[in-house]
Q: 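Quick one: the structure is below, questions incoming.
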Amino acid sequence: MYQPPLFREDNLAAQHDLIRSHPFGLLVTAGPSGLLANPFPFVIYSEGERGMLRVHLARANPQWRELQAVDECLVVFQGPQKYITPSWYETKRETGKVVPTWNFATVHAWGKPTVIDDAGWLKRQVNDLTREQEGHRADPWAVDDAPAEFVQSQLKGIIGVEIPISRIEGKWKASQNRPVPDRVGVIAGLREEGGPDDPMAAMVAARNGNRRGEVAFRSATSPGRMNALKAILLKVASAVVFTVMSAIVRWVTETLPLGQIVFFRGAFAILPVVLIYAWRGELRAAVRTGRPMGHVTRGLLGVLGMFLSFASLARLPLADVTAIGFAAPLITVALAAWILHERVRVYRWSAVAVGFVGVIVMLAPHLDVARWTSGNAAATLGAAFALANAFTSAASTIQTRRLTGSETNSAIVFYFSLITALFALLSWPFGWASLTLTQFAWLAAIGVLGGVGHLLMTESFRLAPASMVAPFDYTSILWAVILGYLVFGDVPTSSIYIGAGIIIVAGLFVIWRERQLGLIRARPNVGGAPVTPEAATKPGEGAKTP
């Protein structure tokens, strides 16, 4: 594909999002019969280095036989597209030197196809495709709603294909090469023709907005401001809710076994999830899944993480546990490079290294060998549990990324809570305490707060980009210090403040760097030529991006 650097989109998540929102792709093969091209609805999965495409064809369609004879095929996905009239450009009134153009977004994916003739595979494929297209409806239709014998007869008429993506390219042409007044005019014109929610207007705003000095452009894109404010408020609210939950956990661990606490955390978290999604009419979508083992894996990581987190809260002040937990996002960067094969360059690795210096600063007071010989090892154990929880939290994040390729947010939240409760129930034979009514109420509150916090956090990431919302998670340290002092009389040591500050700076640097890269890709220089991330690096840094 012809790729001017200004329009190139190499972000894999953005490419997958376009495929997911515009799944009707054109499958192109050059086999024994020559060129063939047919459109099909695909499902994209976060498997392998670049993703996996799956689709089913009618057996009567000869293209599946061609797929058996080729080493590579191409699938073309087309996103929003729109004719752009020069009448919208301010430059037309100034010089008249303008011509029409066409804005669009597209993704091209290549890979070696494998034809699959297996009834179980085909049933999963049509279930996944149906779930993706029906999940947003108030009363979604499911494959199992049809008679079983009818479904089986229909499956006999199709055949499956999966394509591990070996190469993928994205191109977003959204007026990035025009001056700011022209882009403002394009957004206004598109919204006038297509309404305030015109998808191309949103794409132009997203690809070009919020750069320093562009007051007019920010004004043109103002419809998104309320969502951003709402997302930030929801993220802060989730941080408060999770901190209150942790404070209650720390209090009840003095008298109740960890397994019993983890069980209530998972079981009662289901309550707000069920109520919210039933109210939205999305409950059926919340319990449907095509990847049960993926949820089991995340659930196991969640159970282990909760045991570690609650064990650390039993031994350390609330602020200490919260601050050490800030290492999780940095660990996620390392795991994403190792497990998901994401490209992590020098900037993010540097931030990870600096962040772990902060972790060492916080852990240093707990690494006194004399504590072990004197029998006072509780704080050291607590710090070890908190750090181990940061690793399990990062691993859980990686597994969640995998699940989001095919599962709804509601299913991820629901099954996480359910599986956590079931696995924690296994600790019952090891001795649970008889509960008073007050203890039962506190345990139920832990679960409900956990479920509400999870819902608030999920909703915040739905309303605004992660790079905008994520920094507000660091407000947790403020709430932890306040609650720790008011409830338990804890006063954090200077090492906690210093270490947490280092980690927060490292995390904010990663977020800032990602934001800058997005702006660099869209920024024209004074002469009108595109500025690429490579051209924007400082002397001596070469062409590296994080």
Q: Report the distance from atom CG of N11 to atom CH2 of W172, rounding to the nearest 0.5 Å.
A: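 Going from the CG atom of N11 to the CH2 atom of W172 covers 8.5 Å.
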
Q: Just by distance, do the side chain of Q260 and the backbone of A433 share a donor-acceptor pair under 3.5 Å?
A: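 A pair under 3.5 Å: yes.
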
Q: Between the side chains of R8 and D10, is the shortest nitrogen-to-carboxylate-oxygen separation below 4.0 Å, so that they form an ion pair?
A: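 The answer is yes: the pair qualifies as a salt bridge.
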
Q: Go through it in stages, so that I can follow the logic: the residues are N389 and F307, the test is side-chain contact (heavy atoms from CB on, under 4.5 Å), and I'd like the CA-CA distance, side-chain angles, deciding distance and then a yes or no.
A: CA-CA 8 Å; N389 177 54; F307 272 99; over 6 Å; no

Q: Working to the nearest 0.5 angstrom, can you tell me the gap between R131 CZ and D128 CG?
A: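 Here the interatomic distance stands at 4.5 Å.
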
Q: Report yes if some heavy atom in the side chain of P23 is under 4.5 Å from a heavy atom in the side chain of Q133; otherwise report no.
A: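 When only atoms from C-beta onward are counted, Q133 and P23 do touch, with a gap below 4.5 Å.
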
Q: Is it true that a side-chain atom of T297 and a backbone atom of M293 form a donor plus acceptor pair closer than 3.5 Å?
A: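 Flag set: sc T297 to bb M293 pair under 3.5 Å.
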
Q: Closest approach of F310 and T253, non-hydrogen atoms and distance?
A: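 That would be O-CG2, 3.9 Å.
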
Q: Donor-acceptor check, side chain of Q15 to backbone of A13, threshold 3.5 angstrom: yes or no?
A: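 No.
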
Q: To the nearest 0.5 angstrom, please state how far the CD1 atom of I187 sits from the CE atom of M203.
A: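 I187 atom CD1 to M203 atom CE measures 11.0 Å (nearest 0.5 Å).
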
Q: I would like to know whether F440 and F268 meet ring-ring contact (aromatic ring centres under 6.0 Å, His included); could you show each step before the answer?
A: CA-CA 11 Å; F440 179 86; F268 277 85; 5.8 Å; yes

Q: Search all heavy atoms of A424 against all heavy atoms of V262 and return the closest pair with its distance.
A: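 In this case the closest contact between A424 and V262 is CB-CG1, 3.6 Å.
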
Q: Check for a donor-acceptor pair, side chain of T420 on one end and backbone N or O of F416 on the other, with a separation under 3.5 Å.
A: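 Answer holds: yes.
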
Q: Are the side chain of S238 and the backbone of K235 linked by a donor-acceptor contact shorter than 3.5 Å?
A: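 Between the backbone of K235 and the side chain of S238 there is a qualifying donor-acceptor contact (under 3.5 Å).
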
Q: Working to the nearest 0.5 Å, report the span between NE2 of H16 and CZ of R50.
A: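 Reported value, rounded in 0.5 Å steps: 10.0 Å.
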
Q: Go through it in stages, so that I can follow the logic: the residues are W442 and F264, the test is ring-ring contact (aromatic ring centres under 6.0 Å, His included), and I'd like the CA-CA distance, side-chain angles, deciding distance and then a yes or no.
A: CA-CA 10 Å; W442 282 121; F264 275 83; over 10 Å; no

Q: Apply the test ring-ring contact (aromatic ring centres under 6.0 Å, His included) to residues F242 and H454: give CA-CA distance (whole Å), side-chain angles for both, the deciding distance (0.1 Å), then the verdict.
A: CA-CA 9 Å; F242 280 131; H454 209 150; 7.0 Å; no

Q: Any sub-3.5 Å donor-acceptor pair from Q439's side-chain atoms to T436's backbone N or O?
A: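 At least one qualifying donor-acceptor pair exists.
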
Q: Might you point out which heavy atoms bring W432 and S427 nearest each other, and give the distance in Å?
A: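 Heavy atoms of W432 and S427 come nearest at NE1-OG, 3.1 Å.
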
Q: Within the structure provided, determine whether I165 and M52 are in side-chain contact (heavy-atom separation under 4.5 Å).
A: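 No. Closest side-chain heavy atoms not under 4.5 Å.
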
Q: Tell me, which pairs form a side chain to side chain donor-acceptor pair (under 3.5 Å) where one or both residues lie in residues 239-250, sequence neighbours left out?
A: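 Residue pairs passing side chain to side chain donor-acceptor pair (under 3.5 Å), neighbours aside: R250-D490.
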
Q: Calculate, to the nearest 0.5 Å, the distance between atoms CD1 and CG belonging to I446 and L256 respectively.
A: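 The distance works out to 8.5 Å.
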
Q: How far apart are the closest heavy atoms of G305 and T392, and which atoms are they?
A: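 Scanning both residues, the minimum pair turns out to be CA-OG1, 3.3 Å.
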
Q: So which atom in L449 and which in I248 form the shortest heavy-atom distance, rounded to 0.1 Å?
A: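 It is CD1-CD1, 3.8 Å.
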
Q: Give, for atom CG of L258 and atom CG of L308, the distance between the pair rounded to the nearest 0.5 Å.
A: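 Answer for the CG-CG pair, L258 versus L308, is 9.5 Å.
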
Q: Side-chain contact test, heavy atoms from C-beta onward, threshold under 4.5 Å: evaluate it for I168 versus L12 and give yes or no.
A: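 They are in side-chain contact.
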
Q: Could you check whether any side-chain N or O of Q399 sits under 3.5 Å from a backbone N or O of G294, counting only pairs where one atom can act as donor and the other as acceptor?
A: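 Yes: the side chain of Q399 pairs with the backbone of G294.
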
Q: If you take all heavy atoms of S417 and A269, which pair is closest and at what distance?
A: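 In this case the closest contact between S417 and A269 is OG-CB, 3.6 Å.
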
Q: Between V236 and W479, is the side-chain contact (heavy atoms from CB on, under 4.5 Å) condition met? List the steps.
A: CA-CA 10 Å; V236 173; W479 318 125; 4.0 Å; yes

